[in-house]
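Hydrogens, waters and symmetry mates are skipped; everything else that's a heavy atom, side chains included, is used.
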Amino acid sequence: MSRPWDADLSAAFARRLGKSAKELGVTREEDDCPDIWELDNGDIAIVGRDRTDAYAARLPAGVTLAADERLVIIPGAMLRSAKPDIADA
């Protein structure tokens with residue numbers, strides 16, 4: 001059975017959403033993860049800490065992770081800084 005949505009692996013990074021980790025002060029001097037990017041097809045790429053193993057046993061009811069999915073964590077400030085870059089609809 002095919003999925004209704006899957007990542008288009010040919011999509012390219014188009015623009016950062018919100019501020020970089022360095023701008024937010026949530027990284028060391030080198031600008032490493034986390035990050036939020038819009039791809040050229042409108043999908044969103046999240047770079048964060050892989051915490052799948054830590055959260056897998058305590059996911060809320062109705063939340064599941066497929067074998068090819070990972071749960072990542074990013075700072076709340078990073079998502080909030082992206083709000084002006086995200087369309088309402």
Side-chain angles (χ1 to χ4, degrees):
M1 177 192 326
S2 68
R3 292 173 163 175
W5 174 88
D6 202 350
D8 176 358
L9 302 181
S10 68
F13 289 87
R15 67 185 180 118
R16 172 181 278 123
L17 300 180
K19 297 179 180 179
S20 70
K22 189 171 187 175
E23 290 173 294
L24 292 169
V26 294
T27 189
R28 296 179 300 274
E29 285 302 309
E30 63 272 3
D31 197 7
D32 57 2
C33 82
D35 221 335
I36 306 172
W37 281 80
E38 182 176 16
L39 303 179
D40 63 3
N41 68 352
D43 285 348
I44 306 298
I46 305 290
V47 178
R49 303 286 193 270
D50 180 352
R51 297 298 183 244
T52 304
D53 293 341
Y55 280 89
R58 48 192 177 118
L59 293 172
V63 177
T64 59
L65 293 169
D68 62 347
E69 294 176 328
R70 307 300 290 168
L71 186 147
V72 299
I73 306 293
I74 62 171
M78 179 160 278
L79 183 59
R80 288 187 292 277
S81 82
K83 187 175 180 180
D85 295 332
I86 302 170
D88 289 334

Self-check item: Co-membership, hydrophobic cluster, residues I73 and V63, 4.5 Å side-chain
Solution: yes
- Would I36 and R16 satisfy side chain to side chain contact (heavy atoms under 4.5 Å, CB included), going step by step from the backbone distance to the final call? CA-CA 6 Å; I36 306 172; R16 172 181 278 123; over 6 Å; no
**Message:** Please determine whether residues W37 and L79 belong to a single hydrophobic cluster, defined as Ile, Leu, Val, Met, Phe, Trp and Tyr linked transitively by side-chain heavy-atom distances below 4.5 Å.
**Reply:** no
Next item on the list: Consider only side-chain heavy atoms of I, L, V, M, F, W and Y, link residues closer than 4.5 Å, and tell whether L59 and I46 are in one cluster.
Entry: no
Scanning both residues in full, the closest heavy-atom pair of R3 with A66 reads NH2-CB, 3.5 Å
Rounded to the nearest 0.5 angstrom, the CE-CG distance for M78 and D35 is 5.5 Å
Practice item. Would you mind checking if K19 and D85 are paired as a salt bridge, meaning a charged N to carboxylate O distance below 4.0 Å? Key: no
Closest heavy-atom pair, A21 versus P34, reported as atoms and distance to 0.1 Å, is CB-O, 3.6 Å
**Study point:** P75 side chain near L24 side chain, heavy-atom distance below 4.5 Å
**Key:** no
- Message: Under the criterion side chain to side chain contact (heavy atoms under 4.5 Å, CB included), I'd like the reasoning laid out for L65 against Y55: C-alpha separation, chi angles, the key distance, then a yes or no.
- Response: CA-CA 10 Å; L65 293 169; Y55 280 89; over 6 Å; no
TODO: Please confirm whether R15 makes a cation-pi placement over F13, using NZ or CZ under 6.0 Å from the six-membered ring centre and within 45° of the ring normal.
DONE: no
In short, I74 meets G48 closest at the heavy-atom pair CG2-CA, 4.0 Å
Heavy atoms of D8 and S10 approach each other most closely as OD1-OG, 2.6 Å
Given 3.5 Å as the limit, does a donor-acceptor pair link the side chain of T52 with the main chain of L71, or not?
yes
Tightest non-hydrogen contact, residues A45 and L39, listed as CB-CD2, 4.1 Å
Distance col, row D50:CG vs R70:CZ, nearest 0.5 angstrom, shows 4.0 Å
